[in-house]
Novice: 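To start, I am sharing the structure in question, which I have written as structure tokens.
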Amino acid sequence: MEHSSASEALPRPLTPHERAILDQLLGGDFPGAAEFRVQAEHVRVVAMCGCGCDSYDVGLTDPDVPRADLPNGPIAQELAVTEPDGTYYGSIILLAHDGVLSCLDFHTWDDRPLSGLPPMEHLSVVPR
Ligand SMILES: [Zn+2]
């Protein structure tokens, strides 16, 4: 994939990698899943973290999408980030605000240098 940087023009469509991670996070059955999956078809990246983690904020391109009736905060599942040797080194959470997807946050438990979102093979869905 193309490496994203904070200096590129925003808003922009999600990259295929960002889209794949979002789709994985929103798979299955959990509170708000149906609404969030509809929203995910109508979002674009509006801000990026510049620290190297490539966490990003999304904004709706269609304000009329259905909203989830949930309190602000993380959705009910997250992605565990694990190296092939089994080292569990971080997680990706997805935050919703006013029932709408707002921010995908990748963080790690150690201070390893980051060069973007982790590869798909490091990710697995876990309940929060
Ligand atoms: Zn960051």
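Whatever order the structure lists ligands and atoms in, that order sets their numbers, starting from 1. Counting begins at 1 with the first residue of the sequence.
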Novice: Check for me: within less than 2.8 Å of the Zn ion (ligand 1), which protein N/O/S atoms show up?
Specialist: Cys49 SG, Cys51 SG, Cys53 SG
Novice: Test of understanding: with side-chain hydrogen bond (donor to acceptor under 3.5 Å, both in side chains), list the residues that count as partners of His97, not counting sequence neighbours.
Specialist: Asn72
Novice: Kindly state each residue pair satisfying salt bridge (Lys or Arg N to Asp or Glu O under 4.0 Å) with at least one member in residues 113-128, sequence neighbours excluded.
Specialist: Glu78-Arg128
Novice: Let me confirm one number: the CD1-CD1 distance from Ile21 to Ile92, rounded to the nearest 0.5 Å.
Specialist: 4.5 Å
Novice: Does the Thr108 side chain pair with the main chain of Tyr89, one donor and one acceptor, at a distance under 3.5 Å?
Specialist: no
Novice: What salt bridge (Lys or Arg N to Asp or Glu O under 4.0 Å) pairs are there with at least one residue in residues 83-96, not counting sequence neighbours?
Specialist: Glu83-Arg112
Novice: Hey, does the side chain of Glu18 reach the backbone of Thr15 with a donor-acceptor pair shorter than 3.5 angstrom?
Specialist: yes
